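All residue numbers refer to positions in the sequence shown, counting from 1. Note that the coordinates shown come from a computational prediction; the quantities given were computed from them, not determined experimentally.
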Amino acid sequence: MTEDDVVDDLREELLTIGAFAARARLSAKALRLYDRLGLLAPAHVDEASGYRYYRADQVERARLVALLRQLDMPLARIAEVVEADGEAAAQLLAGYWADVEARLAGQRTLAEYLRGRLSGRSSEMYGKFVVETVDVPAQVVITETRHTLADELPAWIGASLDRLEEASRECGGIAAPPYVVYYSEVSMESDGPAESCVPVADEAAARAWVERQKRARETKVRVEPAQRLAYTRITKAQVAHPQILAAFEAVAQWIAAEGLEQAGPCREVYFADWDAAGPEDAVCDVAFPVAP
């Protein structure tokens, strides 16, 4: 039997793209797209004509890809699901959908917040926050800066503060609560940057530590001048985006009402053990430096 005979026999066992599309209830255009994206390759492509042929047992995968795309699942995650088996694939889908529901919950909260703001009920929302001032002495801080979008921000804050707190052991120890400074908005369209900061006791040791980093992860040491902060204290549940936006705006509105000026970028000061805190425990001060 010649190679051409083998190919002819193979074609008889396979489905043309039109026949396969009909079985999978998909269009030929969709199948070409799945092939281009690496999600569903034809079983055979005729070198001369370019015709695509599929096996009948590929129908299930084609339908699965189509359904996952209806969930707006990213292509990389679709590839993970369709390559996994049984329970593993189900767990991957469950993890993705948990992320979707968390995002939707945040968007729902943001929509409620904006509805109140647009309807003129902002003062009611801001009135829930008690704003005070505190004088903070000058302090030496070791920092790590990063441009990041909102979806990656929580993980980066936790990881960067862990790294800086570990480094503080070489810099005389932690001298005051860690905080994160925002030099520009962090959202899904704007990437900051944000700067994680840990006050330390020994400036010389801190500068020596930064020198050893050779600018790894954009680490720096600087002296933060003495300043007055206007702040409101929030719970662990309120730290989540977009709930925290109301706290920032409440402080900004209070500053304006008091005839003060913002004297620097806003920040979040983390004074409690995050892992040990419950949803209703106070963990963070949302603050702005202010001047008369």
Honestly curious: do Ile244 and Leu229 fall in one hydrophobic cluster under the side-chain, below-4.5 Å linking rule? no
Check whether Ile234 and Val186 end up in the same hydrophobic cluster, where Ile, Leu, Val, Met, Phe, Trp and Tyr are linked by side-chain heavy atoms less than 4.5 Å apart. yes
Applying ring-ring contact (aromatic ring centres under 6.0 Å, His included), name anything that partners Phe20, two or more places apart in sequence or on another chain. Tyr54
Tyr182/Glu268 under side-chain hydrogen bond (donor to acceptor under 3.5 Å, both in side chains): CA gap, chis, key distance, verdict: CA-CA 9 Å; Tyr182 297 99; Glu268 299 164 5; 3.1 Å; yes
Would you indicate whether Tyr51, at its atom OH, is surrounded by more than 12 heavy atoms from other residues, nucleotides or ligands within a distance under 6.0 Å? no
Going by distance alone, is a donor N or O of one side chain under 3.5 Å from an acceptor N or O of the other, for Gln253 and Glu249? no
For Arg61 and Leu39, indicate whether the former's side chain and the latter's backbone hold a donor-acceptor pair under 3.5 Å. yes
Side-chain contact, heavy-atom cut-off 4.5 Å: Tyr179 with Val141? yes
Does this structure show an ion pair linking Arg222 with Glu224, if we count only N-O contacts that are shorter than 4.0 Å? yes
Derivation of the side chain to side chain contact (heavy atoms under 4.5 Å, CB included) call for Leu15 and Tyr53: CA-CA 5 Å; Leu15 300 171; Tyr53 296 89; over 6 Å; no
Nearest heavy-atom approach of Ala237 to Glu280 is CB-OE2, 4.3 Å
Counting N and O atoms only, with roles assigned by atom type, does the side chain of Thr232 sit under 3.5 Å from a partner on the main chain of Phe129, one being a donor and the other an acceptor? no
Applying side chain to side chain contact (heavy atoms under 4.5 Å, CB included), run through Leu14 and Arg55 and close with a yes or a no. CA-CA 5 Å; Leu14 298 178; Arg55 298 189 312 273; 3.5 Å; yes
Taking 4.0 angstrom as the limit, do Arg23 and Glu60 come out as a salt bridge? no
Atom pair CD1 (Ile255) and OH (Tyr231), whose distance is rounded to the nearest 0.5 Å: 13.0 Å
Please step through side chain to side chain contact (heavy atoms under 4.5 Å, CB included) for the pair Val239 and Tyr270, ending with a clear verdict. CA-CA 10 Å; Val239 169; Tyr270 292 94; 3.9 Å; yes
Does a side-chain heavy-atom distance below 4.5 Å link Asp35 with Arg52? yes
Using 0.5 Å steps for rounding, measure from the CD atom of Glu132 to the CZ atom of Arg233. 8.0 Å
Could you measure the distance from the CH2 atom of Trp209 to the OG1 atom of Thr219? Nearest 0.5 Å is fine. 4.5 Å
Got a second to check how far Cys197's SG is from Ile142's CD1, nearest 0.5 Å? 9.5 Å
Test item: Ser160 and Arg146 side chains (from C-beta on) under 4.5 Å apart, heavy atoms: no
Salt bridge or not between Lys220 and Glu195? Use side-chain N to carboxylate O under 4.0 Å. no
For Pro154 and Ala150, the nearest pair of non-hydrogen atoms, with its separation, is CD-O, 3.4 Å
Polar side-chain atom of Ser184 near backbone of Pro193 as donor-acceptor pair, under 3.5 Å: no
Report yes or no: do Val65 and Leu33 belong to one cluster of Ile/Leu/Val/Met/Phe/Trp/Tyr joined by side chain heavy-atom distances under 4.5 Å? yes
Tell me the closest heavy-atom pair linking Ala194 and Trp156, and the distance in Å. O-CH2, 3.6 Å
Thr133 side, atom OG1; Trp254 side, atom CH2 - distance, nearest 0.5 Å: 5.5 Å
Could you report the tightest heavy-atom contact between Val140 and Val223, atom names first, then the distance? CG2-CG2, 4.2 Å
Results of side chain to side chain contact (heavy atoms under 4.5 Å, CB included) for Leu67 - residues two or more places apart only: Arg63, Gln70
Are Leu64 and Val100 grouped together when hydrophobic residues (ILVMFWY) are joined by side-chain heavy atoms under 4.5 angstrom apart? yes
Any salt bridge (Lys or Arg N to Asp or Glu O under 4.0 Å) involving residues 65-79? Give me the pairs, sequence neighbours left out, ordered by first then second residue. Arg77-Asp99
Closest approach of Val221 and Ala206, non-hydrogen atoms and distance? CG2-CB, 3.7 Å
For Gly172 and Ala201, the nearest pair of non-hydrogen atoms, with its separation, is O-CB, 3.4 Å
Any salt bridge between Arg207 and Glu203, counting N to O under 4.0 Å? yes
Give, for atom CG of Leu93 and atom CG of Leu68, the distance between the pair rounded to the nearest 0.5 Å. 6.5 Å
If hydrophobic clusters are built by linking Ile, Leu, Val, Met, Phe, Trp and Tyr wherever their side-chain heavy atoms come under 4.5 Å apart, do Val269 and Leu164 end up in the same one? no
Is it true that a side-chain atom of Gln58 and a backbone atom of Ala41 form a donor plus acceptor pair closer than 3.5 Å? yes
For atom CD of Glu152, is the number of surrounding heavy atoms from other residues, nucleotides or ligands below 6.0 Å larger than 12? yes
